Amino acid sequence: MKTLLIHPSTHLYIGQNLLTTKRLLEICGHRRPILIADAAIKDLYAKDLANKLNAPLLTIASGEKAKNLQSATSLIDDLSKMGCDRDTLLIALGGGVTTDLVGFVASIYMRGIPLILIPTSLLAIVDAAMRGKN
């Protein structure tokens, strides 16, 4: 695994099988992880990752139609009902819509909570995850 420091608060991890290593658990630290994934990859990766992290799994609709204020409000309502606080860590697993939406929610929930982006498409990597919007 290779780690690049992009910004003092932003690290980029590059390597194979990163989701199967203990590194992600180390990054989570004492925080309570909440995994938010695109519905299209729920069965492919998200359920397994949520189990490994012992984290609740929230899903959002696939595609651009999910990038709206109603989706953000719904996620915020879910986080509030789950009792999420400043020690909560949001983990976004999906493409650009997922990383954009979850990044926005993380930035406004309780004036900002920690966020990990796990992009699953090239566009999500270069557009949303690499200090683009989030």
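Residues: numbered from 1 along the sequence shown. Since the structure is predicted, the reported quantities are computational estimates derived from the model, not experimental observations.
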What residue pairs, at least two apart or across chains, pass salt bridge (Lys or Arg N to Asp or Glu O under 4.0 Å) with a residue in residues 27-46?
->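 Qualifying pairs, neighbours excluded: Asp43-Lys47.
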Are any of the side-chain heavy atoms of Leu89 and Ile116 separated by less than 4.5 Å?
->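 Touching, per the 4.5 Å side-chain cut-off.
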Search all heavy atoms of Pro33 against all heavy atoms of Pro56 and return the closest pair with its distance.
->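 Taking Pro33 first and Pro56 second, the nearest heavy atoms are O-CD, 3.4 Å.
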Looking at CG of Asp48 and CG of Leu57, how far apart are the two atoms once the value is rounded to the nearest 0.5 Å?
->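 The CG atom of Asp48 sits 11.0 Å away from the CG atom of Leu57.
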Please list, chain by chain and in numerical order, all residues satisfying side chain to side chain contact (heavy atoms under 4.5 Å, CB included) with Tyr109, sequence neighbours excluded.
->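 In terms of side chain to side chain contact (heavy atoms under 4.5 Å, CB included), with neighbours along the sequence ignored, Tyr109 is linked to Ile76, Leu79, Ser80, Cys84, Ile113.
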Identify the heavy atoms of Thr98 and Ile36 that sit nearest to each other, and give their distance.
->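 Taking Thr98 first and Ile36 second, the nearest heavy atoms are CG2-O, 3.9 Å.
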Distance from Leu49 atom CG to Ile41 atom CD1, nearest 0.5 Å?
->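 That separation rounds to 9.0 Å.
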Minimum-distance pair of heavy atoms, taken over all atoms of Leu101 and Ala66 |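 Scanning both residues, the minimum pair turns out to be CD2-O, 3.6 Å.
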Which pairs of donor and acceptor atoms, one on a side chain in residues 117-124, lie under 3.5 Å apart (sequence neighbours left out)?
| from | atom 1 | to | atom 2 | distance (Å) |
| --- | --- | --- | --- | --- |
| Thr120 | OG1 | Gly94 | O | 3.3 |
| Thr120 | OG1 | Gly95 | N | 3.3 |
| Ser121 | OG | Ala124 | N | 3.1 |

What pairs meet the salt bridge (Lys or Arg N to Asp or Glu O under 4.0 Å) rule with one or both residues in residues 80-89, with sequence neighbours excluded?
->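 Not a single pair qualifies under salt bridge (Lys or Arg N to Asp or Glu O under 4.0 Å).
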Partner set under side chain to side chain donor-acceptor pair (under 3.5 Å) for Ser71, not counting sequence neighbours |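 Only Asn68 meet the side chain to side chain donor-acceptor pair (under 3.5 Å) criterion with Ser71.
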ILVMFWY network linking Val97 to Val105, side-chain heavy atoms under 4.5 angstrom |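 No, because Val97 and Val105 fall into different hydrophobic clusters, even though each may have its own neighbours under 4.5 Å.
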For Ser107 and Gly112, indicate whether the former's side chain and the latter's backbone hold a donor-acceptor pair under 3.5 Å.
->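 Not confirmed, Ser107 side chain does not pair with Gly112 backbone.
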For Thr73, all residues meeting side chain to side chain contact (heavy atoms under 4.5 Å, CB included), sequence neighbours excluded =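 Listed in chain order: Leu69, Asp77.
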Atom CD1 in Ile60, atom CG in Leu75: separation rounded to 0.5 Å?
->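 With rounding to 0.5 Å, CD1 (Ile60) is 6.5 Å from CG (Leu75).
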Say you draw a straight line from CG of Leu35 to OG1 of Thr59; how long is it, rounded to the nearest 0.5 Å?
->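 These two atoms lie 10.0 Å from each other.
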Side chains of Leu58 and Ile34: closer than 4.5 Å at any heavy-atom pair?
->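 Touching, per the 4.5 Å side-chain cut-off.
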